[in-house]
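Taking it in order: structure first as structure tokens, then the write-up.
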Amino acid sequence: MKISDRLLEYLVEGELINEAALTRAVEMSKKVAHGEFIGSLLVREGIIRENDLIEVLCRELRLRRYHSDVFYLDPTMASVIPPENAIRWRMVPLGRENDVLLVAMTDPMDVVSIDQAHEFMHCEIEPVVCSAAQLKELAGALYAGSQTVDHTSEDFNKSQFGNRQMQHISFGSSDGEVEDVPVDDDDMREWMDTEEGQTAVRFVNWLLVQAVQEGASDLHISPEKEHVQIRMRVDGSLKDFPALAKVMQSSVISRIKILARMDIAVTRIPQDGRFSANVGDREINIRVSSIPTVNGENLVLRLLDASSLVLQLDKLGVRSEDAAKIRSSIQMPHGLFLNTGPTGSGKTTTLYSILALLNQPDVNIITVEDPVEYRIPRIRQVELNTRAGSTFASSLKSILRQDPDIIMVGEIRDLETGRIAVQAALTGHLVLSTLHTNDSIGAITRLMDMGIEPFLVSSVLNTVMAQRLIRRLCPVCAQPSQPTAETLKHWNVQPNSGDHFLEARGCEECNHIGYRGRLGIYEVLMMNPSIRDLILNRASEAQVRNAANQAGGFYNLYDDAVSKIRQGLTTFEEGASIVMV
């Protein structure tokens with residue numbers, strides 16, 4: 001029996017394909033290219049899901065499945081199977097168990113490659129089944145961190161593993177680009193020249209390039225008892241990457257701390273640092289934070305790519321009606337404009353977009369931020385220096401002596417900052433800032449809870465907007481969907497002919513997730529005489545919400561989420577993750 005027939009038999013027995021799909025799969029198996037895994041073809045054509053394929057292979061062949069927290073990346077394995085052989089056999093070595101070599105494979109039925117590896121290694125080979133994306137990540141991480149292969153080799157990076165070409169990376173600062181950060185300590189310089197040091201350098205380079213190519217906003221390096229967990233936050237969700245063997249923990253963390261100008265001898269108190277990396281033609285600013293944990297220092301790297309900054313409200317996903325309200329509000333000569341939402345909801349990006357609209361030669365704009373995330377020409381941006389005792393409140397006092405027309409305060413965190421911002425808004429300045437609240441109406445309550453008098457809130461507050469970030473459906477593989485009657489009832493949605501409901505499917509473009517990129521969900525609350533009177537009388541949030549609805553044009557977060565679901569930009573499942581239904 002042919003291997004492709006055996007696999008189809010497994011799929012039929014597991015009830016993963018029906019008769020029609022089986023007929024189509026049989027026809028496809030006759031045309032499969034030499035060396036191509038029929039399972040990969042079935043996944044690519046949408047006949048089966050990759051996860052289902054892996055489950056069937058593991059069950060029928062009695063093999064283990066790859067998990068990053070079970071099989072750790074060991075750089076010494078790179079010398080076991082040379083990269084050219086790994087490419088030809090489509091396998092990556094994971095480690096040894098007694099006399100058995102464990103290898104990650106997407107096609108554990110490729111007996112030809114397994115036999116060739118057996119003859120080459122003179123030991124038993126046991127496949128561990130993984131996804132195509134995991135195989136690419138393992139190959140890139142293992143061989144990029146090894147001296148057995150040049151990480152700029154086009155043959156490796158353009159191999160059957162499908163890795164994107166490894167882009168050149170260099171490190172520098174605002175003073176200019178340099179190939180690497182100089183090390184002053186003689187012992188550290190000697191360590192950097194060792195095989196361990198060079199392996200750490202190459203691995204960190206690969207990790208940063210991978211994070212940039214994946215569009216990650218954060219990179220987490222978290223020591224566990226027996227390994228080092230590595231995760232990247234992509235489109236708001238943390239994604240596991242190959243875990244690192246414990247022996248590499250110290251060298252990788254030291255390398256990153258050197259880049260960030262942090263004290264590598266200090267491991268028991270939190271530290272902050274930063275550096276910049278030039279990946280290809282993109283300059284990435286990276287903030288590093290470390291905290292001590294029971295298993296070692298935990299690092300989080302925040303990646304800021306100025307080239308990806310969107311400074312147009314419509315491209316952020318703001319409705320044209322709400323964008324018009326925002327433009328009208330920021331034309332007022334003074335007052336307070338607030339943007340609310342949880343951490344990571346894109347508030348700062350929205351404020352930068354508003355500043356871009358206001359940034360004219362005849363206007364003096366000054367910001368105070370913690371920290372400055374993106375640099376904007378013609379705007380004076382002040383960064384807090386907490387070590388020197390600088391706070392939002394103290395910086396705001398100094399800014400008021402700089403003859404500003406418009407002020408942006410990164411965040412109103414306390415009563416003192418709130419009172420100074422309110423006073424600035426009362427004395428002829430337009431003040432933009434952020435608050436952490438669940439919705440726009442909650443900002444009113446939050447200000448008064450801080451201790452700001454209702455008459456001041458009523459007088460200075462012009463506009464409050466709230467926002468969330470939601471995953472966008474992959475435009476390549478999203479497919480039509482008909483929501484169930486239960487779902488429509490739950491969301492109180494009456495279907496109409498203009499609806500364009502879609503659902504996530506998954507393809508190579510989105511790493512089989514079904515989503516790619518994010519868009520904003522917004523609500524904009526404009527003050528009017530009725531709402532100002534309610535604020536003066538300390539009315540409840542429900543009363544303020546009723547007044548906003550009666551005034552007309554108030555589109556809340558729920559409404560905007562439903563609108564984007566109807567347009568086929570996202571799904572009900574995603575909407576439920578950010579709004580109360």
Side-chain angles (χ1 to χ4, degrees), residues 3-4 7 10-11 14 16-17 25 32 35-73 77 81 86-87 89-95 102-110 113-114 125-144 156-157 159-164 206-207 210-211 213-216 227 229-235 237-244 471 474 476-477 504-516:
I3 289 178
S4 58
L7 177 59
Y10 294 155
L11 297 175
L16 293 175
I17 56 176
V32 66
E36 183 176 11
F37 180 34
I38 179 62
S40 300
L41 186 59
L42 296 177
V43 171
R44 190 164 64 246
E45 293 297 317
I47 294 177
I48 59 172
R49 294 186 303 174
E50 186 175 39
N51 186 62
D52 292 336
L53 173 66
I54 293 173
E55 291 292 338
V56 166
L57 290 171
C58 290
R59 182 177 66 249
E60 298 295 336
L61 302 178
R62 297 181 181 179
L63 297 174
R64 285 178 284 180
R65 181 172 185 169
Y66 171 79
H67 293 284
S68 62
D69 57 351
V70 175
F71 300 97
Y72 314 137
L73 189 68
M77 286 290 104
I81 297 181
I87 292 169
W89 299 332
R90 296 184 295 281
M91 63 174 63
V92 176
L94 295 173
L102 303 179
V103 297
M105 298 184 72
T106 57
D107 180 10
M109 303 178 76
D110 184 359
S113 294
I114 293 174
I125 306 295
E126 180 182 326
V128 176
V129 189
C130 67
S131 68
Q134 288 170 333
L135 189 67
K136 288 189 287 185
E137 291 161 4
L138 283 165
L142 184 66
Y143 293 110
F156 178 73
N157 293 308
S159 69
Q160 297 176 53
F161 287 123
N163 277 355
R164 284 165 286 193
W206 172 84
L207 198 57
Q210 192 74 7
Q213 291 180 335
E214 290 284 337
H227 66 281
Q229 183 187 51
I230 295 176
R231 294 179 295 173
M232 296 181 188
R233 189 176 294 280
V234 180
D235 294 337
S237 300
L238 282 174
K239 173 185 176 183
D240 271 329
F241 267 65
L244 196 60
R471 290 191 297 177
C474 174
V476 176
C477 63
R505 174 184 167 188
C507 65
E508 292 187 5
E509 289 293 323
C510 60
N511 286 326
H512 300 282
I513 295 173
Y515 298 91
R516 187 179 180 188

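All of these numbers come straight from a predicted model, not from anything done at the bench. Below, all heavy atoms of this structure are taken into account, side chains as well, without hydrogens, waters or symmetry copies.
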Nearest non-hydrogen partners of [X] and [Y], listed with the distance:
X	Y	result
Arg65	Phe71	O-CE1, 3.6 Å
Cys477	Gly506	SG-N, 3.2 Å
Met232	Ala211	SD-CA, 3.6 Å
Met105	Trp89	CE-O, 4.1 Å
Ala243	Tyr66	N-OH, 4.4 Å
Ile114	Pro108	CD1-O, 3.5 Å

Query - From CA spacing to verdict: side-chain contact (heavy atoms from CB on, under 4.5 Å), Thr106, Ser131 - result: CA-CA 6 Å; Thr106 57; Ser131 68; 5.8 Å; no
What distance separates [X] [atom1] from [Y] [atom2], expressed to the nearest 0.5 Å?
X	Y	atom1	atom2	value
Leu207	Leu244	CG	CG	9.0 Å
Glu126	Leu63	CD	CG	6.5 Å
Ile48	Leu53	CD1	CG	4.0 Å
Asp52	Leu57	CG	CG	11.0 Å
Met77	Tyr72	CE	OH	15.0 Å
Ile81	Tyr143	CD1	OH	5.5 Å

Query raised in the report: With a 4.5 Å heavy-atom cut-off, do Pro93 and Leu142 have their side chains touching?
Result: yes
Requested in this report: Please determine if Arg90 and Asp110 form a salt bridge, counting it only when a charged side-chain N lies under 4.0 Å from a carboxylate O.
Outcome: yes
Query raised in the report: Under the 3.5 angstrom rule, does the side chain of Glu50 hit a backbone N or O of Ala132 as a donor-acceptor pair?
Result: yes
Requested in this report: Might you work through the side-chain contact (heavy atoms from CB on, under 4.5 Å) test for Gln229 and Asp69, ending with a clear yes or no?
Outcome: CA-CA 7 Å; Gln229 183 187 51; Asp69 57 351; 5.9 Å; no
Report task. Decide yes or no on side-chain contact (heavy atoms from CB on, under 4.5 Å) for Arg471 and Ser237, but give the supporting numbers first. Result -> CA-CA 9 Å; Arg471 290 191 297 177; Ser237 300; 4.2 Å; yes
Report task. Can you establish whether the number of heavy atoms outside Arg49 located under 6.0 Å from its atom CZ is more than 12? Result -> no
Report task. Kindly check if the number of other-residue, nucleotide or ligand heavy atoms within 6.0 Å of CZ (Arg516) is above 12? Result -> no
Query raised in the report: Should Ile513 and Cys474 be marked as a side-chain contact (heavy atoms from CB on, under 4.5 Å) after you check the CA-CA gap, both sets of side-chain angles, and the distance that decides it?
Result: CA-CA 8 Å; Ile513 295 173; Cys474 174; over 6 Å; no
